[in-house]
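The chains referred to below are lettered A, B, ... by the order of the sequence lines, with proteins before strands, and numbering in each begins at 1.
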2 protein chains.
Amino acid sequence: MFIELDLQSETPIYTQLVDQIVEGIASGVLQPGDPLPSIRSLAEDLGINLHTVNKAYNLLKQEGLLQVHRKKGVIVQPDGMPGVTEAFEEKLRRQLRSLAAAAAVRGMAEEVFAQESRAVYREMIANRGRG
Amino acid sequence: MFIELDLQSETPIYTQLVDQIVEGIASGVLQPGDPLPSIRSLAEDLGINLHTVNKAYNLLKQEGLLQVHRKKGVIVQPDGMPGVTEAFEEKLRRQLRSLAAAAAVRGMAEEVFAQESRAVYREMIANRGRG
DNA sequence: TGTTTGTTATATTACATATATAACACAGAT
DNA sequence: ATCTGTGTTATATATGTAATATAACAAACA
């Protein structure tokens, strides 16, 4: 499994799970229809509790990124990913504003900040051709 | 005072305080050397507890954005803001990665994401001439 | 029948958030 | 000296979140 947890981190375990799965989908490592480990097996692999994995999976299910079946297990959304909704735009801008302010205060120029954003996005989807 | 709290929000009060003060500095509403309300008076104005304001002020003090004196009170860092450290770059990139992944998964193109970042930054510092 | 799946329920521990009081040390004004 | 307002520190409490530990249930499949 491609997931690596930092149990010392201040960011919750279930958030780390959510982030890494989303990044997995964005990067193409996880493709629509691909199966994910069962709640129990992933929990055991990572040495964490069943409910922590369940919480992460459910959040992603509610966002429309995962589908959850009885016996089929958990798979990456095969019927089209959710689009850029108004709610998502708002949330994105709110978080970008916080980052932009912190960057501006430290003297990071507009071009550098924008370029940094572009670079991070590009690296994210760098090898969608192969995984 | 320019601070507005959303007590229903899931983001902690002290985080809202930190964010809005940083945005105040970035936008020029707060200039180096400018005084901030005392811990007690701001707490009373906002209808929150003294310690919540204290926590926010202390975080900003540790980041080097505020100075705290005995009787002089709290002022915006007059001796030069902290620069773009390696630690800050890492933190920024980590958070940008999370946002970029969420955006990419929803089909937001690289150019749109980068432009969104630039626009948010620009609006942040839009009226540094006067406020 | 038995196993594995997601799901739900309950309980417990640990930690973060926020509040409420209280007291302390320091600096300035009266 | 005394009072007042400042940041600071110390306790205590209430609430919510994060994470764990068990247990049980319903559905799908071999």
Side-chain angles (χ1 to χ4, degrees), chain A residues 1 3-22 30 33-79 98, chain B residues 1 3-21 30 33-79 91 98:
Chain A
M1 199 51 193
I3 292 183
E4 288 182 7
L5 296 180
D6 177 6
L7 300 182
Q8 315 305 321
S9 170
E10 61 182 355
T11 71
I13 297 177
Y14 79 92
T15 301
Q16 295 183 44
L17 283 175
V18 166
D19 280 347
Q20 293 190 35
I21 292 172
V22 173
L30 291 175
D34 278 0
L36 269 72
S38 78
I39 292 177
R40 286 178 176 83
S41 68
L42 181 55
E44 190 171 15
D45 275 14
L46 298 176
I48 62 180
N49 192 271
L50 171 162
H51 294 97
T52 306
V53 177
N54 191 40
K55 183 171 184 177
Y57 277 5
N58 264 318
L59 280 175
L60 292 168
K61 169 183 160 191
Q62 283 185 322
E63 287 185 6
L65 298 184
L66 295 184
Q67 273 188 9
V68 170
H69 297 85
R70 273 277 156 198
K71 181 66 177 182
K72 194 185 297 182
V74 182
I75 62 174
V76 178
Q77 180 62 257
D79 304 330
S98 176
Chain B
M1 199 52 193
I3 292 183
E4 289 181 6
L5 298 180
D6 177 5
L7 300 183
Q8 315 305 321
S9 170
E10 60 181 354
T11 72
I13 297 177
Y14 78 91
T15 301
Q16 295 183 45
L17 284 175
V18 167
D19 280 349
Q20 293 190 35
I21 291 173
L30 291 174
D34 279 358
L36 269 72
S38 77
I39 291 176
R40 285 178 177 81
S41 68
L42 181 55
E44 190 171 17
D45 274 14
L46 298 176
I48 61 178
N49 191 272
L50 172 161
H51 294 98
T52 306
V53 177
N54 192 41
K55 184 171 184 175
Y57 277 6
N58 264 319
L59 280 176
L60 292 167
K61 169 182 161 193
Q62 283 185 321
E63 288 185 5
L65 298 184
L66 295 184
Q67 273 190 9
V68 170
H69 298 83
R70 274 276 158 200
K71 180 67 176 180
K72 195 184 295 181
V74 182
I75 62 174
V76 178
Q77 179 63 258
D79 303 330
K91 189 174 157 192
S98 174

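- Counting heavy atoms from C-beta on, the side chains of A:Tyr57 and A:Pro37 come closer than 4.5 Å.
- You can see that DNA chain D meets the heavy atoms of chain A within a 4.0 Å-exclusive cut from D:dA18 to D:dC29, reading 5' to 3'.
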Produce the list of close N/O pairs, under 3.5 Å, pairing protein atoms with atoms of nucleotides 24-30 of chain C; give distances to one decimal.
residue : atom : partner : partner atom : Å
C:dA25  : N3   : B:Arg70 : NH1          : 3.2

Run the side-chain contact (heavy atoms from CB on, under 4.5 Å) check on B:Leu36 and B:Ile75 step by step: do they pass? CA-CA 6 Å; B:Leu36 269 72; B:Ile75 62 174; over 6 Å; no

Please report, to 0.1 Å, the donor-acceptor pairs under 3.5 Å made by any side chain of residues 13-20 of chain B, with sequence neighbours excluded.
residue : atom : partner : partner atom : Å
B:Gln16 : OE1  : B:Asp6  : N            : 3.0
B:Gln16 : NE2  : B:Asp6  : O            : 3.1
B:Gln16 : NE2  : B:Thr11 : O            : 2.9
B:Asp19 : OD1  : A:Ser98 : OG           : 3.3
B:Gln20 : OE1  : B:Glu4  : N            : 3.1
B:Gln20 : NE2  : B:Glu4  : O            : 2.7

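- Distance CG (A:Leu59) to P (C:dG6): 16 Å, rounded to an integer number of Å.
- Note: CD (A:Gln67) to C1' (C:dG6) measures 14 Å, nearest angstrom.
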Could you give me the CA-CA distance, side-chain angles and deciding distance for A:Leu60 and A:Gln77, then say whether side-chain contact (heavy atoms from CB on, under 4.5 Å) is met? CA-CA 10 Å; A:Leu60 292 168; A:Gln77 180 62 257; over 6 Å; no

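- To the nearest 0.5 Å, the span separating CG on A:Leu50 from CD1 on A:Ile39 amounts to 6.0 Å.
- Every residue two or more places apart in sequence or in another chain was checked for a side-chain hydrogen bond (donor to acceptor under 3.5 Å, both in side chains) with B:Asp34, and none qualifies.
- Partners of B:Thr52 by side-chain hydrogen bond (donor to acceptor under 3.5 Å, both in side chains), not counting sequence neighbours: none found.
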Would you sort out whether B:Leu59 and B:Gln62 count as a side-chain contact (heavy atoms from CB on, under 4.5 Å), showing the intermediate values? CA-CA 5 Å; B:Leu59 280 176; B:Gln62 283 185 321; 4.3 Å; yes

How would nucleotides 10-20 of chain C be written as a contact map, 5' to 3', with B for base contact, S for sugar-phosphate-only contact and - for no contact, using protein heavy atoms under 4.0 Å? -------SSBB

Where do B:Leu5 and B:Ile48 land on the side-chain contact (heavy atoms from CB on, under 4.5 Å) test, with the steps shown first? CA-CA 10 Å; B:Leu5 298 180; B:Ile48 61 178; 4.0 Å; yes

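- Here the straight-line distance linking atom CG of A:Asn54 with atom CZ of A:Arg40 works out to 9.5 Å at 0.5 Å rounding.
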